[in-house]
Amino acid sequence: MGDQDRGRLQQVDPPPRSLERYVPIVGEERVRTLQGRSEELAQALHGASVWNVNSTAVGGGVAEMLQPLVGYVRGAGIDCRWAVLEGDPTFFKLTKRIHHALHGSHGDGTPLDDDARAIYEATLERNAVDLESVVSSGDLVILHDPQTAGLARRMRAAGARVVWRCHIGHDERGEEVDRGWAFLAPYLEEVEATVFSRHAYIPDCCDRGRSRIIQPGIDPFSPKNQDMEPAVAEAILVETGILEGPPPDAPLTFVRPDGTPGRVDRAADVLRLGRAVRRDAPLVVQVSRWDPLKDPIGVMEGFVALASEHPDLGAELVLAGPNVTAVADDPEGAEVYESVVAAWRALPHAMRKFVHLAMLPTADSAENAAIVNALQRRAAVIVQKSLHEGFGLTVTEALWKARPVIASAVGGIRDQIEDGVSGVLLENPRDRDAFVRALAELLSDPECNRRMGAAGRERVRTKFLGIRQLEDYTKLFGDLIAR
Ligand code: UDP
């Protein structure tokens, strides 16, 4: 089996990767231990495959993580696959609604009733038929997030071992959170193990000794996180039209996940007043999907307060996100982007020229990642002012680049940043004054910037690299097979 184009099922094919590259970063011993465990696992699987199923090949944290994860598992000699389910806009509107519910908000308020179940189940039944033609009995299937939970029963019936990993969650229970879980609970009954990013996210319906915690991690070699010379970052930002400057003479290159050279050719779609970001401007950056939970308008308003109160700092803001026409499972993106544009137009004219809205090209995900890398490296301060967050990979990425980060004390961001040591936590994400104060302080204290940046990078090195996630997965798979 394994035809790439059978039915509607799309398979993504990340190239195999070797763990050897981790030796200089985490040391020989840790790498050898994991290699040994992976070999044992490969034998115990007896040729069975490990499947990941999610809802998009590009855009968002899950796709970002699956690229290297699937690559390293493949590199360890295990047949690891990645399938992307198909759904129409009605299905994704519904799953977005569930996503919001699990974050404690009502989203567009679509009722999670029998009609919603009919839409959800019909889409997943169609996808299950496709998956059944490629998944074999004994395979291990990891379903990611609410979009895929409804596949569990049929995958179990096909003889697969099924894990459901939920990358989102809310620290507190409440009406919406309960409603979201009530919708999903029936689909999770037969799942053998559930995985969450934090203990607080485990709902009652999954808390039967079958849940465990796996925190996400980033790949330090990906185009998003690989080392990049400041001159290259600058050249990329000039070429994409974000940063002011003459045509760059540094190369616009990065290394693709398969080791081949890549080049940034596409421009960003930037909304601004007048010129691009001044070359000497301290840059404040937030990178995220266009989602109200990332509070892009709050970032903009806070920044404008900073720029009015501290014109001497000369700071400029780039709010960057994917091109809204491109992220298939995020129909809200275009609407939210439009609302940010409207808020930008309502800013005082004199302020607008310091605020740049950048839609980054997504046709080539590695190129998109290299642009994000360049932006994060160029930033004087990176912001993630989310109102809720499952984990917050953008924060991990920022810390890895040794940049000072100001982020909301929500969800997994709390696990990543130790306030005042490896970044600044905003206890109340809506506290604009605290946000402005933190921005002003960090922008005017280079020594504190350097110290926090170094501490942040070290924290990621020890706790939040992809290798740690691989260690956790290897253990989970081993436990499931041993059962
Ligand atoms: N991202 C990207 N390009 C963009 C916007 C976001 O590559 O234009 C990436 C970002 O770098 C991060 C991921 O999308 O790796 C977002 O993950 P996070 O956990 O921060 O939030 P989510 O989108 O999953 O809510």
Side-chain angles (χ1 to χ4, degrees), residues 54-69 96 99-100 102-103 105 144-147 165-170 197-198 215-220 222-226 240 242 254 257 264 266 268-270 285-296 318-327 329-330 332-333 336-337 340 357-377 379 382-401 403 405 407-408 410-413 415-417 460 464 466 469:
N54 82 322
S55 63
T56 178
V58 279
V62 178
E64 180 74 18
M65 235 159 27
L66 282 177
Q67 273 287 345
L69 200 68
K96 199 66 209 255
H99 173 105
H100 281 305
L102 298 189
H103 274 293
S105 73
H144 295 268
D145 280 337
Q147 297 94 329
R165 182 170 182 187
C166 186
H167 297 265
I168 55 178
H170 195 53
S197 300
R198 314 192 80 207
Q215 289 179 311
I218 56 166
D219 181 35
S222 67
K224 175 88 43 85
N225 298 306
Q226 64 192 218
T240 48
I242 296 171
F254 59 92
V264 173
R266 294 180 181 81
D269 195 336
V270 189
V285 170
Q286 175 165 296
V287 177
S288 47
R289 289 179 299 102
W290 304 100
D291 183 321
L293 295 177
K294 311 288 182 183
D295 197 21
V318 173
L319 281 178
N323 194 305
V324 289
T325 55
V327 182
D329 72 342
D330 193 8
E332 263 179 20
V336 178
Y337 175 75
V340 181
L357 307 184
M359 286 203 290
L360 308 183
T362 51
D364 173 347
S365 60
E367 178 189 54
N368 176 280
I371 301 170
V372 171
N373 193 347
L375 254 178
Q376 290 172 332
R377 282 181 196 279
I382 294 176
V383 167
Q384 192 59 58
K385 211 175 94 56
S386 305
L387 303 178
H388 297 288
E389 196 64 73
F391 181 72
L393 279 175
T394 51
V395 169
T396 333
E397 292 157 8
L399 295 173
W400 179 242
K401 280 142 205 159
R403 308 317 302 146
V405 182
S408 309
V410 294
I413 294 177
D415 300 329
Q416 299 189 62
I417 293 180
V460 174
F464 300 115
Q469 194 170 211

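All ligand and atom numbering here is 1-based and tracks the order in the structure.
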Can you tell which part of Val287 has a heavy atom less than 4.0 Å from ligand 1: side chain, backbone, both or neither?
side chain
Who's the nearest protein heavy-atom neighbour of atom 19 (O) of ligand 1, and how far?
Leu393 N, 2.9 Å
Between His167 and ligand 1, find which residue part has any heavy-atom pair under 4.0 Å and reply side chain, backbone, both or neither.
neither
Do the ring planes of His388 and His170 sit parallel (below 30°), tilted (30 to 60°) or perpendicular (above 60°)?
perpendicular
Per-atom contacts of ligand 1 with Gly392, taking only distances under 4.0 Å to non-hydrogen atoms:
19 (O), 20 (O)
Look at atom 7 (O) of ligand 1 and say which protein heavy atom is nearest, naming residue and atom and giving the distance to 0.1 Å.
Lys224 NZ, 2.9 Å
Quick check: Gln376 and ligand 1, any N/O pair under 3.5 Å apart?
no
How does Glu389 reach ligand 1, if at all, at less than 4.0 Å between non-hydrogen atoms: by side chain, backbone, both, or neither?
side chain
Can you tell me how far apart OG (Ser386) and CG (Asp295) are? Round to the nearest 0.5 Å.
8.0 Å
Is it the side chain (CB and beyond), the backbone, both or neither of Val372 that lies under 4.0 Å from ligand 1, heavy atoms counted?
side chain
Side chain Gln384, main chain Ile413, donor-acceptor under 3.5 Å
no
Are any non-hydrogen side-chain atoms of Pro257 and Pro68 less than 4.5 angstrom apart?
no
Worked check of side-chain hydrogen bond (donor to acceptor under 3.5 Å, both in side chains) between Lys224 and Asn368
CA-CA 8 Å; Lys224 175 88 43 85; Asn368 176 280; 5.3 Å; no
In this structure, atom 15 (O) of ligand 1 is nearest to the protein heavy atom Glu397 OE2, 2.4 Å
Checking side-chain polar atoms at under 3.5 Å, does Glu389 have a donor or acceptor matched by the opposite partner on Ser408?
no
Could you give the distance from CH2 (Trp400) to CG (Leu393), rounded to the nearest 0.5 Å?
14.5 Å
For atom 23 (O) of ligand 1, grab the closest protein heavy atom and report residue, atom and distance to one decimal in Å.
Arg289 NE, 2.6 Å
Any donor-acceptor pair under 3.5 Å from Glu332 side chain to Lys96 backbone
no
Is the closest heavy atom of Ala320 to ligand 1 under 4.0 Å?
no
Ligand 1 contact by Gly321, heavy-atom criterion under 4.0 angstrom:
yes
Is any side-chain heavy atom of Asn54 less than 4.5 Å from a side-chain heavy atom of Gln147?
no
Counting heavy atoms only, which part of Asn368 comes closer than 4.0 Å to ligand 1: side chain, backbone, both or neither?
side chain
Partner of Leu360 under side chain to side chain contact (heavy atoms under 4.5 Å, CB included), chosen from Ile242, Asn323, Thr240, Asp269
Ile242
Is there a polar contact, in the sense of an N or O pair closer than 3.5 Å, between Leu360 and ligand 1?
no
Measure the distance from atom 21 (O) of ligand 1 to every protein heavy atom, then report the residue, atom name and distance (to 0.1 Å) of the closest one.
Lys294 NZ, 3.0 Å
Looking only at protein heavy atoms, what sits closest to atom 24 (O) of ligand 1 is Gly61 N, 3.1 Å
